[in-house]
Each structure stands twice: as C-alpha cells, then as structure tokens.
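Some notes on the structure that comes next.
Positions are given from 1 along the sequence. Being a predicted model, the structure only gives us computed values, none of them experimental. Order of appearance sets the numbers: ligands from 1, and atoms from 1 within every ligand.
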Amino acid sequence: MKIFDTHAHYDDDRYKDDLDFVIKDNKNNGVEKIVNASYSLESSIKSKLLADRYENIYFAIGIHPEEVNNNIDRDILELENILKENINNQKLVAVGEIGLDYYYTKDTKELQKEYFVRQLNLAIKYNLPVIIHSRDASSDMYDILKDEKYKSINIVFHCFQPTDDITKLVLDRNYMVGLGGNITYKRSEHSLKLIQKIPIEKIIAETDAPYMSPIPVRGSRNESKNIKYIIEKIAEIKNIEINVVEQTLYNNSLRFFKINNK
Ligand SMILES: [Zn+2]
C-alpha cells in the first residue's frame, strides 16, 4: 500500500504532544508522503521546519484568505523572501493554500482577491504548483482564473466543492481536484455527478488533517492514515478497484508536485 496525503496541517497545536508518534503511525499504515500546507507566514516557516525534521513531509507556503490584513505589501514581500530562501529546497513543492473564502465574511473580498492574485503571480515567477482553497466564492474564483496567463500553472482545488464553473475549468485545463473527507459525507446528486465527471487522472487525495475527518471517524482529530476511507469512497464513486485507485492517485500526486519517486 502506498498513500500520498497531499494536504495536511501537522503544524497545528493539536499534534504538539504526539507528532512523532502520529507520523510514524501514518507510515505504518502506508502513508508514504505528506504535503504540509500553510495558511500564514508563521505556518509557512513551521511547515519548512517539519519538512526538515521528517523525511516524508514536503511543504507548501502561502497565506490563506482568512489571514488577509492591511499589511499586504509587507506580507507578500516576506512570503517571497521565504520562497527565495527555499527555492533550491527539494521539499518545497507548492504555493498554498491560497484562494478565496466568503463563508465567514464578504467584507474582505477585494483584499482576498489581491492576496490571491499576487500569490498566483509568485507561483508563476518561481514555477511552482498552486494549492487553492475556494469556499463560497466560485464565481470570483472563475473570473480570476479564466485569464489565459493562469492556464499553464499546475493548480489543485483542495477540498473540492463541485460547482459547474470550476468543474469546467478543471476539465478544460491541466488542473486537478483534491478530494477529502467531505466526499464521505452526504452529497447532493448534482455534486456527485460533477465528481463522477472528473477523470481519475485529475484526482488526488487529501485529509486536511486535523480537520475534515471522514466517516467513520468524523468528529475526531484527523490523521493521514484515515485517507484510506477517502480512497475507498473514490473507488466507489468512480467504480474502479481500490488498489488501482490507490496507485493512480499516488502517481498523480508525484506528477503534480514534480517529485521524483526514488
Ligand atoms: Zn487546509
């Protein structure tokens, strides 16, 4: 068994007492590789340190839409400094998670868009894939990404919430979707149909640990080893054998993050 968890947050406080055990336990359950996604400057630095400490952890750096503030120039400059310092670090594999989130507030819409676009441009400048977080914002997300200049970036929509416009972008371009614990929750017929439309080559699996625990462990602290429930669900939705799904998603993840499989 070979599993790639493409999105987790092991810098979260909930792991501070037993992280060594959790990472080892994941490994014993087939989790070969993990990408630690960041949500702030502080988290970006912590993610880098996790990648230094654990052989199978890679990292992404970025500022999440809920972390935007009026110091945008300073923040983007600081993020670019971290990028430059790590540009030859093989473990830096993406910019993320970045994007738009209007779930809690719409007051910061314009600022969120500016943070998002400036980080997308950093990804282009340094030739890195992008992990996108998009919640209740799909029409603004579509309006930004439809620009031809974003056509060639490797993008994954993390915690993919299917909408018609974003699904169209994924199918038309070289974009991918990250499927997580929420696919094991009750879904509408329409969203199930949209997920079924995405070819298996465009899918990667993720936990978003410590959040988003899949059924049957919903409500507990999530860990990468729980990704098996997500893989089972993808196999069921796509009607493909579990071991084929597992291998395909693993290969998709290596390809997406441009990691050589040694
Ligand atoms: Zn996340």
List the atom pairs, with distances to 0.1 Å, where a side-chain N or O of residues 55-67 and a protein N or O form a donor-acceptor pair under 3.5 Å, not counting sequence neighbours.
| from | atom 1 | to | atom 2 | distance (Å) |
| --- | --- | --- | --- | --- |
| Tyr58 | OH | Lys33 | NZ | 3.3 |
| His64 | ND1 | Glu66 | N | 3.0 |

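Note on Asp101 versus Lys106: no salt bridge recorded, every NZ/NE/NH1/NH2 to OD/OE distance being 4.0 Å or above.
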request  = With salt bridge (Lys or Arg N to Asp or Glu O under 4.0 Å) as the test, would you mind laying out the steps for Asp147 and Lys149 before giving the verdict?
outcome  = CA-CA 5 Å; Asp147 190 321; Lys149 78 186 232 204; 5.3 Å; no
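With Val93 as the fixed residue, the side chain to side chain contact (heavy atoms under 4.5 Å, CB included) test singles out one of Ile131, Thr6, Val35: Val35. Tested against Tyr115 for a side chain to side chain contact (heavy atoms under 4.5 Å, CB included), the candidates Leu79, Ile72, Leu120 yield a single pass: Ile72.
Panel detail: the Zn ion (ligand 1) has protein N, O or S atoms under 2.8 Å away, 4 in number.
Linking ILVMFWY residues whenever their side-chain heavy atoms come closer than 4.5 Å, directly or via other members, leaves Ile215 and Ile237 in distinct clusters.
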